[in-house]
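Report on the structure given below.
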Amino acid sequence: MDTALSSTFSRNVLRNQFGLGYNFNYEAFRFAAGIDYQHSRQERLESFPDDTEIKYNFDSWEPYARAFYNLDRTKMFMAHYRGSASLPSIENLQDVLTESGTSLSRGNPNLKQSYTHTFGLRYNTTNADRMTTFFANINATQTDNRISNRIEYFDQDTVLADYNNYLAIKGMQLQTPVNVNGAYTLSSDFGYGFYFRPLKTNIDVNGGYSYNRTPSYQTVTGSGGSKSSILNNANEHSGNVLLKFASNISENVDFDISTRTRLTYAANSALENSRIWSETVRARMSFIFPYNITYNTDFAWNYSNSKTDQRNSTTNTYVWNMGVGYKFLKRRQAEFRVTLYDVLNQSQKAPRISFNETYQSTRWSRSLGRYVMGTLSFRFNSLNRFSNSGDRKGGPRGERMGPPPGGMQRSGSFGPPRGGF
């Protein structure tokens with residue numbers, strides 16, 4: 001056992017909460033408000049390396065308010081507010097050194113609980129006659145005493161006397177949780193969908209914008225090798241737009257095409273600025289031919305450009321899958337299919353890039369690459385909706401609204417927005 005990195009302890013948590021609330025309903029209007037009081041006690045009994053008992057007590061008031069208003073049977077508006085406290089974890093509180101590769105971390109027993117104010121607005125409307133749907137959401141948060149990190153870099157071998165003379169090798173970094181103020185988030189998204197009758201196609205337009213302000217402490221090396229710890233505010237802006245076309249032509253032909261553009265920009269007060277621009281285009285088509293032969297194919301183009309003040313990288317991949325199947329049994333509820341995945345053998349080249357307040361991360365995931373799979377499926381809920389005459393009831397003039405028969409999956413069909421109220 002490495003005594004510098006080890007401890008033996010038990011943890012007990014006792015939480016008491018009570019509150020008062022008021023609900024009011026009148027016709028299409030609903031309102032609820034209240035306040036909760038919470039007392040939390042964390043007790044840590046340590047037997048190694050020292051025999052100690054530490055108690056942490058946290059108190060908080062958490063108000064809330066929600067209002068709903070149904071403008072009519074097809075329109076709804078909602079507003080809400082909530083204040084909530086978040087306790088530091090026992091890992092953040094215990095002053096024990098932890099090693100992970102070239103990184104060290106320790107707890108901070110002087111941490112305070114963080115407190116977050118959350119506010120949101122939602123609106124949606126659906127018009128069944130015109131076959132349109134629209135929704136919009138806005139959410140904002142502000143956090144006091146957010147638990148962030150202070151990072152210290154060792155430019156020479158250093159002995160840590162407080163941790164049984166542990167030797168921190170040159171190049172290591174030590175991370176300590178601290179409370180900081182000034183953390184904000186703002187997010188908004190919208191969606192509009194309608195049915196384009198001439199092409200028998202559902203068209204969806206979605207978009208969103210988000211802003212995150214994340215404070216953290218950074219150790220900066222100045223002239224002459226001097227080091228100082230300063231507060232870095234990472235201001236990240238992100239926006240995206242999605243355009244999607246989903247077919248509603250017939251029960252034997254189904255397709256959807258979509259394109260999404262996303263731009264993320266992070267402006268740092270103490271670190272490099274960064275920007276990520278990505279574009280994704282997807283297309284999917286499914287056919288049912290005579291003699292119950294099926295064919296499906298999907299294609300995706302992924303483009304990403306990541307740029308900082310000193311670095312620039314670009315990825316460009318194409319992923320194509322295709323399959324042939326045969327439906328059988330009385331209601332065609334069984335199907336045998338052979339699918340060739342990743343025809344162009346490029347799925348391994350698509351990285352995932354993300355940022356946080358201290359670093360940029362690029363991750364690659366290994367996959368099988370190109371391969372063939374055979375599947376046999378049976379649908380227990382299949383209905384006999386196929387007929388030679390093709391007469392069906394549903395949308396206007398017999399046009400189908402919703403997913404095609406046989407259980408083909410596609411998004412973008414007419415209906416209320418995802419994440420309804």
Rounded to the nearest 0.5 Å, what separation is found between the [atom1] atom of [X] and the [atom2] atom of [Y]?
X: Leu97; Y: Ser105; atom1: CG; atom2: OG; answer: 7.0 Å
X: Asn145; Y: Ser86; atom1: CG; atom2: OG; answer: 11.5 Å
X: Phe9; Y: Glu46; atom1: CZ; atom2: CD; answer: 8.5 Å
X: Gln175; Y: Ser216; atom1: CD; atom2: OG; answer: 9.5 Å
X: Leu160; Y: Met172; atom1: CG; atom2: CE; answer: 9.5 Å
X: Thr125; Y: Lys75; atom1: OG1; atom2: NZ; answer: 4.0 Å

Going by distance alone, is a donor N or O of one side chain under 3.5 Å from an acceptor N or O of the other, for [X] and [Y]?
X: Ser247; Y: Thr201; value: no
X: Asp95; Y: Tyr163; value: yes
X: Arg260; Y: Asn240; value: yes
X: Gln42; Y: Arg11; value: yes
X: Asn273; Y: Asn268; value: no
X: Ser258; Y: Arg282; value: no
X: Asp144; Y: Gln142; value: yes
X: Thr74; Y: Asp72; value: yes
X: Ser210; Y: Ser187; value: no
X: Asn305; Y: Thr314; value: yes
X: Asn137; Y: Arg122; value: no

Indicate yes or no: at least one non-hydrogen side-chain atom of [X] is less than 4.5 angstrom from one of [Y].
X: Tyr318; Y: Asn345; result: no
X: Glu43; Y: Ile54; result: no
X: Phe58; Y: Gln38; result: no
X: Tyr371; Y: Leu340; result: no
X: Tyr341; Y: Val372; result: no
X: Tyr265; Y: Arg275; result: yes
X: Arg106; Y: Val96; result: no

Apply side-chain contact (heavy atoms from CB on, under 4.5 Å) to Ile147 and Asn92, showing your working. CA-CA 9 Å; Ile147 298 178; Asn92 286 332; 4.0 Å; yes
Distance-minimising heavy-atom pair for [X] and [Y]:
X: Asp204; Y: Gly193; value: OD1-CA, 3.3 Å
X: Val343; Y: Arg370; value: O-NE, 2.8 Å
X: Gln113; Y: Asp59; value: NE2-O, 2.7 Å
X: Phe135; Y: Asp189; value: CE1-OD2, 3.2 Å
X: Glu62; Y: Gly83; value: CB-O, 3.0 Å
X: Ser269; Y: Asn233; value: OG-N, 2.8 Å

Applying the side chain to side chain contact (heavy atoms under 4.5 Å, CB included) test to Ile288, which of Asn296, Val253, Thr294 qualifies?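 With Ile288 as partner, side chain to side chain contact (heavy atoms under 4.5 Å, CB included) holds for just one option, Thr294.
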For the pair [X] and [Y], name the ring-plane relationship: parallel under 30°, tilted 30 to 60°, perpendicular over 60°.
X: His237; Y: Tyr211; result: tilted
X: Tyr22; Y: Phe24; result: parallel
X: Phe378; Y: Phe380; result: perpendicular
X: Trp61; Y: Tyr37; result: tilted

Does Phe68 have Arg30 sitting over its ring (NZ/CZ under 6.0 Å from centre, angle to axis within 45°)?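 The answer is yes; both the distance and angle limits are met.
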For side-chain contact (heavy atoms from CB on, under 4.5 Å), just list the numbers for Ile138 and Leu186, CA-CA rounded to whole Å, side-chain angles, deciding distance to a tenth of an Å, and then say yes or no. CA-CA 8 Å; Ile138 298 177; Leu186 173 66; 4.2 Å; yes
Ring centroids only, cut at 6.0 angstrom: are [X] and [Y] within range, meaning strictly under it?
X: Trp320; Y: Phe299; result: no
X: Tyr326; Y: Phe336; result: no
X: Tyr192; Y: Phe190; result: no

Which is it for Phe77 and Leu121 under the side-chain contact (heavy atoms from CB on, under 4.5 Å) test, yes or no, and what are the steps along the way? CA-CA 8 Å; Phe77 174 81; Leu121 297 173; 3.9 Å; yes
Side chain to side chain donor-acceptor pair (under 3.5 Å) assessment of Thr176 paired with Asn108: CA-CA 7 Å; Thr176 305; Asn108 182 359; over 6 Å; no
Does atom CG of Leu376 have more than 12 heavy-atom neighbours, drawn from other residues, nucleotides or ligands, at distances under 6.0 Å?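 More than 12 heavy atoms, drawn from other residues, nucleotides or ligands, come within 6.0 Å of this atom.
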Among Thr259, Thr280, Asn316, which one satisfies side-chain hydrogen bond (donor to acceptor under 3.5 Å, both in side chains) with Trp301?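 With Trp301 as partner, side-chain hydrogen bond (donor to acceptor under 3.5 Å, both in side chains) holds for just one option, Asn316.
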In sequence, state the C-alpha distance, the side-chain angles, and the governing distance for His117 and Thr141, and then conclude on side-chain contact (heavy atoms from CB on, under 4.5 Å). CA-CA 5 Å; His117 304 271; Thr141 66; over 6 Å; no
